[in-house]
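Data block below; observations after.
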Amino acid sequence: MKLRNTLSAGLLALSALTAASAWADGSPVGLWKNINDETGKTEALIRITEADGVLTGKIEKLYLEPSEDQNPVCTECEGELKGKPIVGMTILSGLKKDGDAYTGGQILDPSNGKLYKSKLTVIEDGKKINVRGYIGVPMLGRSQIWVRDQ
């Protein structure tokens, strides 16, 4: 039992160091609060991971009003995502490092079920990211600032 507790504590410390290292080097890997660009309210917690140089982001938590459905599904999505729970849904995919940004991916807006091209830029020494969804070219789109969750 003592060995298992020691191993657990070691793994926890290692994961904390890994997260701190990602933050320090300006990586977008980690847990983020997305802030609605129109209302200024936090909408969700999204975990960004990296595998083989490609970023993916999944919704871990939604910040909902008590009067709202606490387990919403994507009613506007098409295909295999239609009717699936939004919590746990991959909304950011395919982004690859391109200079100071991550490009070439897409972002899903579960509120309307639409997929947009996406670009992500780390700002403020890794404390925030600018996530842009667009059609065609980046200037024809909308940005949100996501704040790193401690």
Side-chain angles (χ1 to χ4, degrees), residues 11-150:
L11 288 173
L12 184 61
L14 180 61
S15 67
L17 284 174
T18 302
S21 170
W23 186 345
D25 71 4
S27 169
V29 172
L31 191 59
W32 298 90
K33 291 179 187 177
N34 84 319
I35 311 296
N36 184 298
D37 56 310
E38 295 171 349
T39 66
K41 291 183 179 180
T42 300
E43 294 183 323
L45 281 179
I46 298 141
R47 182 163 311 272
I48 296 179
T49 58
E50 183 176 355
D52 299 323
V54 179
L55 298 180
T56 302
K58 283 187 177 184
I59 295 178
E60 286 197 357
K61 177 181 179 178
L62 294 172
Y63 292 92
L64 302 167
E65 296 294 325
S67 61
E68 294 179 291
D69 179 357
Q70 297 300 301
N71 297 301
V73 296
C74 194
T75 57
E76 300 298 320
C77 290
E78 296 179 2
E80 65 183 38
L81 293 179
K82 185 164 187 72
K84 298 290 183 184
I86 293 174
V87 173
M89 186 173 282
T90 297
I91 62 162
L92 193 64
S93 61
L95 289 162
K96 296 179 183 175
K97 184 96 167 123
D98 181 14
D100 290 338
Y102 292 80
T103 63
Q106 56 186 5
I107 189 165
L108 169 71
D109 182 345
S111 69
N112 63 19
K114 293 184 180 178
L115 279 172
Y116 301 94
K117 291 182 181 179
S118 186
K119 177 180 180 180
L120 182 151
T121 308
V122 179
I123 57 177
E124 294 187 25
D125 297 322
K127 295 176 187 168
K128 296 180 180 180
I129 53 177
N130 182 337
V131 181
R132 185 149 186 88
Y134 59 93
I135 299 171
V137 293
M139 66 183 214
L140 299 176
R142 181 174 141 197
S143 292
Q144 286 187 335
I145 300 298
W146 294 4
V147 178
R148 193 177 292 275
D149 190 55
Q150 309 309 336

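Along the sequence shown, residues are numbered consecutively beginning with 1.
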All side-chain hydrogen bond (donor to acceptor under 3.5 Å, both in side chains) counterparts of [X], not counting sequence neighbours:
| X | result |
| --- | --- |
| Glu60 | Arg47 |
| Trp146 | Gln144 |
| Asn112 | Tyr116 |

Identify the two heavy atoms, one from Cys74 and one from Gly113, that lie closest to each other, and give their separation to 0.1 Å.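 Shortest heavy-atom contact: SG-CA, 4.5 Å.
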
The criterion is side chain to side chain contact (heavy atoms under 4.5 Å, CB included); which residues satisfy it with Asp98, sequence neighbours excluded?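 Asp98: side chain to side chain contact (heavy atoms under 4.5 Å, CB included) contacts with Thr103.
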
Can you tell me if [X] has over 12 outside heavy atoms packed within less than 6.0 Å of its [atom1]?
| X | atom1 | answer |
| --- | --- | --- |
| Asn71 | CG | no |
| Glu78 | CD | no |
| Gln70 | CD | yes |

Do the side chain of Glu50 and the main chain of Ile48 share a donor and acceptor less than 3.5 angstrom apart?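 Checked: no pair found.
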
From [X] [atom1] over to [Y] [atom2], what is the distance, rounded to the nearest 0.5 angstrom?
| X | Y | atom1 | atom2 | value |
| --- | --- | --- | --- | --- |
| Leu31 | Leu45 | CG | CG | 5.0 Å |
| Lys119 | Tyr102 | NZ | OH | 13.5 Å |
| Asn34 | Ile145 | CG | CD1 | 11.0 Å |
| Glu68 | Leu62 | CD | CG | 9.0 Å |
| Asp109 | Arg142 | CG | CZ | 6.5 Å |

Donor-acceptor list for residues 82-97 side chains, cut-off 3.5 Å, not counting sequence neighbours:
residue, atom, partner, partner atom, Å
Lys82, NZ, Thr75, O, 2.7
Lys97, NZ, Gly99, O, 2.9

Would you call Asp149 and Lys33 a salt bridge, using N to O less than 4.0 angstrom?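 Salt bridge: yes.
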
Quick one: does Tyr63's side chain get under 4.5 Å of Lys41's, heavy atoms only?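 Counting from C-beta outward, Tyr63 and Lys41 never come under 4.5 Å.
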
Run the numbers on Leu55 and Val29 for side chain to side chain contact (heavy atoms under 4.5 Å, CB included), then give the verdict. CA-CA 8 Å; Leu55 298 180; Val29 172; 4.3 Å; yes

Pairs of donor and acceptor atoms involving the side chains of residues 128-139, under 3.5 Å and at least two apart or interchain, shall be tabulated with distances.
residue, atom, partner, partner atom, Å
Asn130, OD1, Ser143, OG, 3.3
Arg132, NE, Pro138, O, 2.5
Arg132, NH1, Ser143, OG, 2.7
Arg132, NH2, Pro138, O, 3.0
Arg132, NH2, Gly141, O, 3.0

